[in-house]
There are 2 protein chains.
Amino acid sequence: MRQITIYDIAKEANVSVATVSRVLNGTAPVRKSTRAKVEALIQSYNFQPNGMARSLLKNETGIIGLIVPDLTNPFYPEVFAGAEHAAHQLGYTFLLSNSIGDYAKESDYLHLMREKRVDGILFMGGRVNLKQCEPHLAQELEQVASVIPTVLVNGAIRNSNLVSVLTDEGAGTALAVQHLIELGHRDIAFLGGESHMSTAAIKLRAYRKVLKDAGLKLLPEWQLMDSFSIDSGKRQMKHLLSLTERPTAVVCVNDYNAIGAIKAAVEAGLSVPEDISVVGFDDIPLAHHFIPELTTVSQQANDLGRTAVGVLKQMMEGQKVKKQHMLEPHLIVRQSTRTLVQHDV
Amino acid sequence: MRQITIYDIAKEANVSVATVSRVLNGTAPVRKSTRAKVEALIQSYNFQPNGMARSLLKNETGIIGLIVPDLTNPFYPEVFAGAEHAAHQLGYTFLLSNSIGDYAKESDYLHLMREKRVDGILFMGGRVNLKQCEPHLAQELEQVASVIPTVLVNGAIRNSNLVSVLTDEGAGTALAVQHLIELGHRDIAFLGGESHMSTAAIKLRAYRKVLKDAGLKLLPEWQLMDSFSIDSGKRQMKHLLSLTERPTAVVCVNDYNAIGAIKAAVEAGLSVPEDISVVGFDDIPLAHHFIPELTTVSQQANDLGRTAVGVLKQMMEGQKVKKQHMLEPHLIVRQSTRTLVQHDV
DNA sequence: CTCTTTTATGAAACCCATTTCATTAATTTA
DNA sequence: TAAATTAATGAAATGGGTTTCATAAAAGAG
């Protein structure tokens, strides 16, 4: 069952395909009676022009490729929502893929998006030293970016010239650590994610700098790097609690880690924030519904998505854009942190 | 800067485009020396065939359209993950859109997917009485489904002939209510979502039936319908707690509602499950990390997505498929429910 | 050493819409 | 009324591949 084409309509209406096209797009005047005849046929056959043919000719698809690391982490759907809202208004749709940190899959999808001739690409989540570790992906990414407008969202890739839109994660982490220091904490640990991800690396660096500047203890065993999941947070916190020298507060690479950390603390019989303060990052929707409500750093995921699409749009229009677009995060103090109370035994 | 085409390669290699195509696809033997020459050019120009042209000719895009109500609710990303995994193996990618229950947007996207000639459509979230309430969307959906293989995921639409893959949500709710009854609860409330959504309607009906069969109280003021968000759960629970006759247990339309309900209870100074039992639905990843861990009904979101893609694949291959594919949910008992203790004052 | 296959290749048709160019018909202007 | 616009339409080129058909060259069979 072949679909109806513009030729079928033209034939039946005794006009040329050019005329049907003109009715369809209103690109040139068509006699009223002709238009009516054609429109009636379009209606009755429920004809819809073939987008592929149009795309081929116009050399644009109206599709933006989006590669996210893990849609299962509520932060990304939030970014997606922001991006989608903006894209929808501009008439774009998303070809979406979940990479789950799988290099091969990422490379695969990048390839595929090029083949599908998407109009632009949003690549979320950067890597440190990508070139050394994954030359294939790095190469693919650069090749694609040289042909299709591409923006890197919330990630950096060393030595690359990609345009990026990102939260100042370093500043955000500093906000979190400073908050804890102001609450009187001196023993602050860091729970991180995969160490090769730029997010994790940037946050760890910021954590170290603030502690160092404040002249506080910087123990290696308090600087953990695992992954971005809830379970990772749990594991890391368990580990911290097993140490003879325990921190009184913890900064986490994201809210999922923070939730896991709190869970582990509670399971170990501690209370948050009474016994230990925990601060997250991202401000996922759940952060202010969790018990206790999470003190966290908001990076306004929605804005991030919206901005990324905005920048991409400019690039697609051929405009020059700044290489970096930085968004400022801010601290949201809720219930998971509090003033340090001395536990004199 | 036009992209390299197969003609450019052919010209430079002094062969016809047919030969280049054969090298590209391995569809016919090509002399070794010719192949080498062509492959070298493909490499050096970093040529990638235009997918639009291929799609136009083959009349297939390798794209599946996916319409989800709200990616921000962790249940959907889970379904997506399952679907994507299956689709990726079959060589398909997703054109994704978030409808947020917006009829116009849904209709829009449906239209768009038809125009883009996606190979199949997964439509998530059904409506009751769609035909009466939203004739336009209903019509669009049926028209599209008559041209493009379409499966409805976890939703029913009255009087429609769409193929659907769904969890037996009625049975799942029954499981939840029965569990509470077995724990000794007699006063059980229901927190629902938007009443025109089939999910909500089906669950409410099941709740009523079980209570009725067990001869238990069925108060209208204990049957709430709001929305699927956390805040909705909160609002509804607050309302319940304001009643003179309070339930001792609550079944929720989803985990988000359950989390909100628990939050409201805790804010009102109650404990869950000591003072009131709460059971959710979906088993989102967070369910077993929330404090208290959620007793809930798992509908194996991953399987749902995987199955949906499987069925769609069969349809795309022209096979006949059953009209309904039902998956069995199961109860997961965790910490948010417990035996009713009599509070004799 | 012919005859039949098989291999290797190119020309051209095809997929379906858009758009330019040309042509004729209808108006408007001078 | 002739000249100049403007309206209305069609033929054909275009976009970038895949595939059929035809043909020439090479290989195998008898």
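Quick note: numbers below take in every heavy atom, side chains included, and nothing from hydrogens, waters or symmetry partners. Letters go in sequence order (proteins before strands), and every chain restarts at 1. In this text the structure is predicted, and so the values were computed from the model without any measurement.
Around atom CD of B:Gln43, no more than 12 heavy atoms belonging to other residues, nucleotides or ligands sit under 6.0 Å away. More than 12 heavy-atom neighbours from other residues, nucleotides or ligands sit within 6.0 angstrom of NZ on A:Lys323. With a 6.0 Å radius and a threshold of 12 heavy atoms from other residues, nucleotides or ligands, A:Gln319 has its CD atom above the threshold.
The interatomic distance linking A:Lys32 (NZ) with C:dA26 (C1') rounds to 17 Å, in whole Å. When the P atom of C:dC16 is taken as reference, atom CZ of B:Arg114 falls 14 Å away, rounded to whole Å. Rounded to whole Å, atom C1' of D:dG17 lies 9 Å from atom CG of B:Leu24. Atom CG in B:Asn59 sits about 13 Å away from atom C1' in D:dT18, given to the nearest Å. Look at CG on B:Asn14: it is 12 Å from P on C:dT9, rounded to the nearest Å. Between the CD atom of A:Glu60 and the C1' atom of C:dT18 there is a distance of 12 Å, rounded to whole Å. Atom CE in B:Met52 sits roughly 14 Å away from atom P in D:dT18 (whole-Å rounding). One can place CD1 of B:Ile6 at 12 Å from P of C:dG10, the figure rounded to the nearest angstrom.
Comparing B:Tyr7 and B:Ala28 by the nucleotide of DNA chain C whose heavy atom lies nearest to each, the residue mapping closer to the 5' end is B:Ala28. Residue-to-nucleotide proximity on DNA chain C shows that, of B:Leu56 and B:Arg35, the 5′-proximal contact is made by B:Arg35.
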(message) Walk me through whether B:Leu66 and A:Leu96 qualify under side chain to side chain contact (heavy atoms under 4.5 Å, CB included).
(response) CA-CA 10 Å; B:Leu66 178 56; A:Leu96 184 68; over 6 Å; no
(request) Assess whether side chain to side chain donor-acceptor pair (under 3.5 Å) is satisfied between B:His88 and A:Asp108, documenting all intermediate values. (result) CA-CA 10 Å; B:His88 187 239; A:Asp108 240 42; 3.3 Å; yes
(message) Run the ring-ring contact (aromatic ring centres under 6.0 Å, His included) test on A:Tyr103 and A:His136 for me, step by step, so that the C-alpha distance in whole Å, both residues' side-chain angles and the decisive distance to 0.1 Å come before the verdict.
(response) CA-CA 9 Å; A:Tyr103 288 111; A:His136 190 258; over 10 Å; no
Which protein N or O atoms sit under 3.5 Å from an N or O of nucleotides 19-25 of chain C?
none

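Backbone-only engagement by B:Thr34 is indicated by non-hydrogen atom pairs under 4.0 Å involving sugar-phosphate atoms exclusively. Within the nucleic acid shown, A:Val15 comes within 4.0 Å of sugar-phosphate atoms alone, with no base atom in reach, counting heavy atoms only.
Taking the six-membered ring for Trp and the full ring otherwise, the centers of B:Phe94 and B:Phe80 sit less than 6.0 Å from each other.
Using a 4.0 Å cut-off, no side-chain N or O of B:Thr5 falls inside it from OP1 or OP2 of D:dG16.
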